[in-house]
Amino acid sequence: MKKYNPSQIESKWQKKWRKDKLYNPDMDRAGKPYYVLMMFPYPSAEGLHVGNMYPFTGTDIYSRFKRMQGFDVFEPIGLDGFGIHSENYALKVNEHPFEVSKRTEKRFYAQLTAIGNAFDWTRTVETYKSNYYKWTQWLFLQMYKKGLVYKKKASVNWCPADRTVLADEQVISGICERCGAAVEKKELEQWFFKITDYADRLLNNLDHIDWSEKIKIAQRNWIGRKEGINITYKVEGNPEKITVFTTRPDTNYGATFIVIAPEYPQALSFIKPENLEDTKQYIKVSKNKSSKDRIAEGREKTGVFTGSYALNELTGYKMSIWISDFVLMEFGTGAVVGVPGHDKRDFEFAQKFSLEVKRVVVGRDGDSSKITKVEQVQEEEGTMVNSEFLNGLDIHEATVKIMDFMEEKGWGKRVTTYHLRDWLISRQRYWGPPIPIIYCEKCGTVPVAEENLPVELPYIKDFRPKGTGKSPLASDDNFVNTKCPKCSGSAKRETDVSDTFLDSAWYFLRYPSTEFDNKPFDDSRTKSWLPVDMYIGGAEHSVLHLLYARFVTMVLKDMGKINFEEPFEKFRAHGLIIKEGAKMSKSKGNVINPDEYIKRYGSDTLRVYLMFMGPFSEGGDFRDASIGGIFKFLNRVWQMTDLADDAEQTGEELKIAHKTIKKVGNDIENLRFNTAISSLMEFLNFIFKQKRASKMTVKILLLLLAPFAPHITEEMWLSIREKYSIHKQSWPKIDSKYLEEVQINVVIQVNGKVRDTILIEKDMKSNKEIVEKLALESENLKKFINKTKPKKVIYIPGKIINFVI
RNA sequence: GCCGGGGUGGCGGAAUGGUAGACGCGAUAGACUCAAAAUCUAUUAAUCGCAAGAUCGUGAGGGUUCGACUCCCUCCCCCGGCACCA
């Protein structure tokens, strides 16, 4: 027997598989299409690290398993190489993104080949190629046609380091998601997608899709649907009224003040002349504050009094009107009603400015005293007091009752608000699809005609972001100056490019149709292959990519272009591989390159090692200390075929083989690769203990291992003179008659403590008397129950007999 | 502060109401070898014991149960996400 030399066999098989198109399903005639997808990588470094390889391996095991189950599996791959991440990398290495993308493409694809995944290499998608982004622009035009695109001057998140605007989803605690710089506010004309029109559908559909629960929760929180009421208050001596949004109108008998956002449009009309200087100054300062400044101030309240009062018609109370930056213009109505007794934030504000605090709710603790400390502020639950007709009601009942009452009186109107905002898609950068819009002096804003797509991204030498609020494309006259599609007069192009998340919001639709140049996706292909059957990716995309992709899919459904509205039937989040407790990143210097390990042990060993580290959904800390154990395991697999003989399978062999078939199949289906591997190890240990095995047993083990270690199993499959390829074989069938034990081990307990075990015949399983009698013969049991008669004997058939004394 | 996931041998982890520590790493002893590596065999939570076996044990405390790593309550700690969202 030759030595196991992975580097020799692995590249040999990779070449052969690709040449034979082993993993390329027949796109038009597949009988059981099954689409497995892992989020495509973005090249923001020279190559992949093992943290990137990890989820691809798990995805591949799943897809190979599905293929063996008889599905026509489609497992495509591509690169999300357009956008700010790749451009920032180009800036870092000081090279033009066109050049960088060529190099990284080659390198990434070479690595993705070396890991041995069953990709269909004839259908790659690169978002930065014009045959792809042409259709990204087409998608923008469809949105435009549907009335879901608008341009608006808005106060937007501006990243001073990346010199571009960011979507709300890309700002994390006031920090740019990409570079970590503090995000500022800037007034700019920007393009938006009306994702808020789909808020309810995006929320409600979550109940019916099979996704990791934590992702669904994150999306629900991000959409942030809230039922409440808009209450309109009259302002003393002023025709203007103030409308506030609240989810807790039940506490309105305790309302003592109103606070409006500094950006509130009618703010000035409430300001009395004697308060003018202070308020103007406050508004100016707070408008310039970045979100980071606001966060740095913590919960310390600031604010100014306008001098005006609003009337609480329930109580006749004159509520002072204040301006404070804790109230956000973007949420609700930009004004809140202050109920300091039952909202911590309102209480802090009232304390700071000595405003009256009224108790209208008594909580479970029964405290009905005056509220003077923040700990007494009852927010969650309780019974109404000091609230006339609401007194004695539970707060939830009171909420309904007062909403009815206010609507009847014409003081308020029920509304639903969302945390979700419209998707800002303009970027003042170079490396992205130009937004296909033309500005004509006569005709105004005109979309580029579909037949004129793509709007090619020109090669601009100085692609650096300018920080002027304009894209580098604005400096290219050849690009900017064009003709109006309507009147043919001279016109100018939009120079912003679209957000990189638009590129990835529809790529899964492109894979089955890559050869069509005249359409983004083919109808019959889409019908048979989509939606994606199994999607795997990182939880960090819970509210970015995954929400946008769902939105785009819904829009295309509504336009009749596709017949489904959820793109991913099943989604599972994978865990992260960390190194020394931190996420792998170049700046931390803890990046592990898979190439070295592949060279030394082979990709089969690395694959099995990564999957054996822990549960796929959890990830783990990469320590190469135990990788040698996996290499040893595969070496034993290599030697195993020498132990094969032509004898029939023994009863013992059949038992463990079928038990393992069941276990491994279940585990792969649930992405529990670590326990699948350990049962394969047990199976192999059994064969080595026997020092022989029937060829059939060896075959089963190879088949079960094939999804995990595709190269070595292919090699061994041939060495036992089976037909190429193991990856075209069916998953072994379970015969449940081998799973039934003839003899069963029953544990004997006394008061729940194990004292002995007995072996009983299968047929005695359900006969309590016999089992009890057999158990009582145990010497060790006798020691513990002495001569006392047990109070009770509990028998769980085939498992445990417990004597209670 | 809120939401989510965790806390089990020296280490990665297994067991989701029924023999805690599967499987792997590491460690110790032995075999082979001039020697080392590789490989093989045995042992390996802790304590007591020659052994049979006993006691104890899954972050802490309490509860439910014949029986709890697993379910319930209170609390501590770690990781991730969100956060002045009315």
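Chain letters run A, B, ... following the sequence lines, proteins first and then strands; every chain starts at 1.
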Open item on the list: Give me syn or anti for B/G9, where syn covers glycosidic angles within 90 degrees of 0.
Closed with: syn

TODO: Ignoring backbone atoms, establish whether A/Arg345 has a side-chain N or O less than 4.0 Å from OP1 or OP2 of B/G1.
DONE: no

- [ ] Heavy atoms only: give me the nearest A/Arg755-A/Asn780 pair and the separation to one decimal.
- [x] O-ND2, 2.7 Å

- [ ] Map A/Gln749 and A/Lys792 onto RNA chain B by nearest heavy atom, then report which one ends up closer to the 5' terminus.
- [x] A/Gln749

- [ ] Answer yes or no: side-chain N or O of A/Arg248 and base N or O of B/A86 forming a donor-acceptor pair under 3.5 Å.
- [x] no

Open item on the list: Just N and O in the side chain of A/Asn685: are any of them under 4.0 Å from OP1 or OP2 of B/G24?
Closed with: yes

Open item on the list: Under 4.0 Å from OP1 or OP2 of B/A54: is there any side-chain N or O of A/Arg755 that close?
Closed with: yes

Open item on the list: Roughly how many Å apart are B/A20 and B/A68, using the C1' atom of each and rounding to a whole number?
Closed with: 11 Å

Task: Ring centroid separation A/Phe501 to A/Trp423 under 6.0 Å - done: no

Open item on the list: When the P atoms of B/U44 and B/C71 are compared, how many Å lie between them, rounded to an integer?
Closed with: 31 Å

Open item on the list: OP1 or OP2 of B/C56 versus the side-chain N and O atoms of A/Lys753: is any pair under 4.0 Å?
Closed with: yes

Task: Nearest-angstrom distance, C1' atom, B/U58 to B/G7 - done: 9 Å

Open item on the list: Looking only at the side chains, is there a donor atom on one of A/Asn666 and A/Arg672 sitting less than 3.5 Å from an acceptor on the other?
Closed with: no

Open item on the list: Which label fits A/Tyr609 and A/Phe622: parallel for a plane angle under 30°, tilted from 30 to 60°, or perpendicular past 60°?
Closed with: perpendicular

Open item on the list: Suppose you measure atom P in B/A15 against the same atom in B/A22; what distance do you get, rounded to whole Å?
Closed with: 13 Å

Task: Interatomic distance at C1', B/U19 relative to B/A14, whole Å - done: 15 Å

Open item on the list: With rounding to the closest Å, how many angstrom separate the C1' atoms on B/G13 and B/G18?
Closed with: 22 Å

Task: Of A/Val337 and A/Asn674, the one whose closest RNA chain B nucleotide lies more 5' - done: A/Asn674

- [ ] Would you tell me if any nitrogen or oxygen in the side chain of A/Arg636 comes within less than 4.0 Å of OP1 or OP2 on B/C40?
- [x] yes

Task: Residues A/Asp207 and A/Arg220 bridged, charged N to O under 4.0 Å - done: yes

Task: base_contact_polar (B/C66 base, A/Lys791 side chain, donor-acceptor, <3.5 Å) - done: no

- [ ] Pick the C1' atom in B/G21 and in B/C11, then give their distance to the nearest Å.
- [x] 13 Å

Open item on the list: With rounding to the closest Å, how many angstrom separate the P atoms on B/G67 and B/G57?
Closed with: 15 Å

